[in-house]
Protein chains: 2
Amino acid sequence: MTVAELSHDFRLANGRLARRLRQEKADNELSGSQFSALGTLFFYGPFTLRELSEHEKVTPPSMNRTVNALVQAGLVNRTASADDGRKVVLTVTEIGRTMMRDTRKRRDAWLAQRIVKFTPEQRRVLAEAIEIMKELTDS
Amino acid sequence: MTVAELSHDFRLANGRLARRLRQEKADNELSGSQFSALGTLFFYGPFTLRELSEHEKVTPPSMNRTVNALVQAGLVNRTASADDGRKVVLTVTEIGRTMMRDTRKRRDAWLAQRIVKFTPEQRRVLAEAIEIMKELTDS
DNA sequence: CATAACCACTTAGCAACGCTAAGTATTCCC
DNA sequence: GGGAATACTTAGCGTTGCTAAGTGGTTATG
């Protein structure tokens with residue numbers, strides 16, 4: 001398989017999988033972007049808006065809108081930065097933490113159900129692929 | 001790494017990579033969905049609307065709108081099925097074929113530039129990951 | 001220290017794309 | 001022939017990308 005074919009197939013496979021995963025979202029659940037942002041803040045936060053937008057690979061205005069939804073839902077706090085009045089610091093609220101913990105299992109269940117049936121070798125491949133994907137994302 | 005962590009990380013990596021790839025799209029190029037649909041028809045077509053929508057993991061109305069854009073751009077032909085008047089058959093036009101061939105290299109260039117620098121082992125992982133992703137997508 | 005340049009966030013408005021619900025045309029089946 | 005099922009289309013909504021432009025805080029400079 002050539003690099004060109006690999007690139008092409010990988011890009012399309014990634015896109016289709018994203019659409020497939022979207023199909024599994026329950027109606028009352030957070031959207032993919034919202035859940036991703038909340039997860040980033042939960043595991044690696046707190047962040048300023050710009051920092052979060054760079055993590056999530058969207059522009060600050062796009063990030064701002066997603067954050068607005070999370071703040072309105074009471075899952076995230078937006079507080080002014082102490083040392084720089086221009087910045088805002090985003091932290092996950094207690095409700096947000098609870099929501100994150102409760103939702104994760106259910107939310108990842110569709111994938112987990114399938115991954116648990118994989119061979120150890122397949123799981124190893126997947127784990128390494130995640131690292132490659134992160135590397136690509138941050139390059 | 002547990003299955004739960006693997007699932008979670010993989011889902012988020014998939015979403016973020018999709019956003020990262022979107023950032024690389026040039027203004028005059030086909031969108032990700034359009035390019036994916038055109039590619040499916042090019043390599044595996046012709047298909048009816050429903051068949052294509054199942055391939056692309058979207059609903060028929062969503063697919064229809066994307067196909068409309070491709071038809072309007074002259075890249076795809078929508079013709080009535082001979083054996084069943086309800087169905088339409090979607091085929092790639094000659095312009096569409098040329099466009100596909102010309103665009104592919106440029107479009108996949110961003111990924112290919114990076115993949116070409118990978119070790120053979122990393123490329124092997126990627127190729128296997130693609131198979132796993134397809135399996136997940138179709139399950 | 002006044003002012004310009006810069007930076008961070010926000011607001012406003014556009015386009016792409018998912019979806020569901022409902023409409024039309026065709027085919028299938030009794 | 002007539003009702004149910006199927007395939008596509010239309011209409012309309014919500015989310016999520018984007019760019020351009022506005023607001024206010026900080027930094028650098030004469």
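It should be emphasised that the depicted structure is a prediction, and the values quoted were computed from it without experimental measurement. A, B, ... follow the sequence lines: proteins, then strands. Residue 1 opens every chain.
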Measure the distance from [atom1] on [X] to [atom2] on [N] and round it to the nearest whole Å.
X: A:N68; N: C:dC9; atom1: CG; atom2: P; answer: 13 Å
X: B:K25; N: D:dG17; atom1: NZ; atom2: P; answer: 15 Å
X: B:E56; N: C:dC19; atom1: CD; atom2: P; answer: 12 Å
X: B:D27; N: C:dA15; atom1: CG; atom2: P; answer: 13 Å
X: A:F35; N: D:dT15; atom1: CZ; atom2: C1'; answer: 17 Å
X: B:R50; N: C:dT26; atom1: CZ; atom2: P; answer: 18 Å
X: B:L30; N: C:dA16; atom1: CG; atom2: P; answer: 12 Å
X: B:D83; N: D:dT6; atom1: CG; atom2: P; answer: 17 Å

The side chain of [X] is closest to which nucleotide in this list: [options]?
X: A:K87; options: C:dA12, C:dC9, D:dC8; answer: C:dC9
X: A:R22; options: D:dA7, C:dG18, C:dA8; answer: C:dG18
X: A:S62; options: C:dT10, C:dG18, D:dG17; answer: D:dG17

Report task. Using only heavy-atom distances, decide whether a donor-acceptor pair under 3.5 angstrom links the side-chain of B:R65 to the base of D:dG12. Result -> yes
May I ask you to verify if any side-chain N or O of [X] is less than 4.0 angstrom from the OP1 or OP2 atom of [N]?
X: B:S33; N: C:dG18; value: yes
X: B:R86; N: D:dC8; value: no
X: B:R19; N: D:dG17; value: yes
X: B:N64; N: D:dT9; value: yes
X: A:R78; N: C:dT10; value: yes

Query raised in the report: Given that A:T59 and A:G85 both sit by DNA chain D, which one's nearest nucleotide is further toward the 5' end?
Result: A:T59
Query raised in the report: Parallel, tilted or perpendicular: which fits the ring planes of B:H8 and A:F35, with parallel below 30° and perpendicular above 60°?
Result: perpendicular
Query raised in the report: How about A:Q72: does its CD atom have over 12 heavy atoms from other parts shown lying under 6.0 Å from it?
Result: no
Requested in this report: Flag yes if more than 12 heavy atoms outside B:M100 fall under 6.0 Å of its CE atom; otherwise flag no.
Outcome: yes
Query raised in the report: Does B:R101 pair with B:E94 as a salt bridge, N-O distance under 4.0 Å?
Result: yes
Query raised in the report: Counting any heavy atom closer than 4.0 Å, what does B:T48 reach on the DNA or RNA strands: base, sugar-phosphate only, or nothing?
Result: sugar-phosphate
Requested in this report: Between B:V58 and A:D84, just flag the one whose closest nucleotide in DNA chain C comes earlier from the 5' side.
Outcome: A:D84
Report task. Assess whether salt bridge (charged side-chain N to carboxylate O under 4.0 Å, His left out) is satisfied between B:K57 and B:D138, documenting all intermediate values. Result -> CA-CA 9 Å; B:K57 304 297 165 193; B:D138 292 333; 3.6 Å; yes
